[in-house]
Amino acid sequence: MVKDIDFKTYLKNYPDDNGCYGKYGGCYITPELKEAFDEISNAYHTICKSAKFINELRRIRKEFQGRPTPVYHCDNLSKAIGGAQIYLKREDLNHTGAHKLNHCMGEGLLAKYLGKKKLIAETGAGQHGVAIATAAAYFGLECEIHMGEVDVLKQAPNVARMKVLGAKIVVVKEGARTLKEAVDSAFAAYLKDYKDAIYCIGSVVGPHPFPMMVRDFQAIIGIEAKEQFKEMTGELPDHVVACVGGGSNSMGMFAAFLEEPVNIVGVEPLGRGTKSGDHAASITFGSEGIMHGFNSIMLKDENGDPDAVYSVASGLDYPSVGPEHAFLHDTGRVKYDTILDEEAIDAFFKLARYEGIIPAVESSHAVAYAIKLAKQIKHGSILVCLSGRGDKDIDYIIEKYGDKYIK
Ligand SMILES: *Cc1c(COP(=O)(O)O)cnc(C)c1O
């Protein structure tokens, strides 16, 4: 347990100069990549803090992304549950249908300021690839997306979206041909090209400065939500809830509430159950370890390598988690809990049918937790980060769960 943290000044003090959140985080990269990461780090501290950059990003958020996204009171759902009141921060209404564009536009703008010509990224399910391809199109930059061959076949609609947006897809055929190999391939491409390109990570993970930079770009979620919630109700929410894959929508939501007297819960995917390989609940079942250039809490196999993970939500199945979540877990400031596939699917249909909102299956984990909590606590309010919309999940869910839910 880490003690005695002043959360009023927390965001100014964490990460430290080495990119660490307590013992987590850092920058474990090969010496060849150091120059490239130092450039991004320096640029972040100078360019991204300038009034010009901030104002331009603000304008993009308003005019292109459609921010601020609303906070919405789920009156029907709350009544049906008969407990606490559930509210949603509607990141599903952000352009491209999820929160990921918040940091991709920030990274794209930074690339533009640095005079880069190209954005390089990896993607698993393709959501991050689509957001980066969107940012590249907006800023007139080339875009190179590295994706495992298995994922390319599985995620055909997102591959098509990236191609329509003008991105080049690099199909990675090494190893298991999924996300891990795509990350390695993207890093290798970046190393070759870093004078002309910038690497854009998909969440609050990876070597410093990415966990900090992505958190800060995503922090707009919580900043808006806090103000909107206060305006709607005159108070702060009692509980704030978000799903945790790598941890970017949750960090963006939580950052503004860390200093407030609000319970904060991150929801991890429990998949089919607690057995290794059946879930991706990294904080709940993992231990300290280094992967993809940072120290955090990760799920390991018997050899200490990243364990196999599973979740119905492909955006959540990552065997580690952003280092700041590992730290906030150890401080006790944020609580982490889990939701099963079947609970998330049930919440997916409940939100669709009570409110007319089809949530991403990732976000459905947070909604499921809120529904459970609302029943338990009876009174008070729960503000959920609805990280994305569920259009991408409909075909799969109908195929797999249609018999149970569709008459
Ligand atoms: C990618 C994704 C997530 C998981 O990523 P985080 O970095 O944990 O936020 C959650 N929800 C949606 C809709 C996503 O696309």
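When reading the values below, keep in mind they use all heavy atoms of this one structure, side chains included, and skip hydrogens, waters and symmetry mates. Heads up: numbering here begins at 1 and tracks the sequence. Every number for a ligand or one of its atoms is a count from 1 in the order of the listing. Values in this document were obtained by computation on a predicted structure and should not be read as measured data.
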Practice item. Let me know which protein residues bring a heavy atom to under 4.0 Å of ligand 1; chain then number is fine for ordering. Key: His99, Lys100, Gln127, Ser203, Cys243, Val244, Gly245, Gly246, Gly247, Ser248, Asn249, Gly315, Leu316, Ala360, Glu362, Ser387, Gly388
Check your understanding: Got a sec, which pairs hit ring pair (Phe, Tyr, Trp, His ring centres under 6.0 Å) with one end in residues 63-86, sequence neighbours left out?
Key -> Phe64-His95, Phe64-Tyr138, His73-Tyr87
Let me check something: any side-chain donor-acceptor pairs from residues 5-16 under 3.5 Å, sequence neighbours excluded? List them with distances.
{"residue": "Asp6", "atom": "OD1", "partner": "Lys8", "partner atom": "N", "Å": "2.9"}
{"residue": "Lys8", "atom": "NZ", "partner": "Glu259", "partner atom": "O", "Å": "3.2"}
{"residue": "Thr9", "atom": "OG1", "partner": "Asp6", "partner atom": "O", "Å": "3.3"}
{"residue": "Thr9", "atom": "OG1", "partner": "Asn13", "partner atom": "ND2", "Å": "3.4"}
{"residue": "Tyr10", "atom": "OH", "partner": "Glu324", "partner atom": "OE2", "Å": "2.6"}
{"residue": "Asn13", "atom": "ND2", "partner": "Thr9", "partner atom": "O", "Å": "3.4"}
{"residue": "Asp16", "atom": "OD1", "partner": "Asn18", "partner atom": "N", "Å": "2.9"}
{"residue": "Asp16", "atom": "OD1", "partner": "Gly19", "partner atom": "N", "Å": "3.2"}
{"residue": "Asp16", "atom": "OD1", "partner": "Cys20", "partner atom": "N", "Å": "2.9"}

Check your understanding: When you check the gap from the basic side-chain N to the acidic O, do Glu224 and Lys89 get nearer than 4.0 Å?
Key -> yes
Practice item. With His365 as reference, evaluate Asp337, Thr338, Val241, Val312 under the side-chain contact (heavy atoms from CB on, under 4.5 Å) test and give the passing residue. Key: Val312
Which pairs of donor and acceptor atoms, one on a side chain in residues 168-177, lie under 3.5 Å apart (sequence neighbours left out)?
{"residue": "Arg177", "atom": "NH1", "partner": "Glu149", "partner atom": "OE1", "Å": "3.3"}

Check your understanding: Is it true that Glu260 and Lys226 make a salt bridge, defined as a side-chain N closer than 4.0 Å to a carboxylate O?
Key -> yes
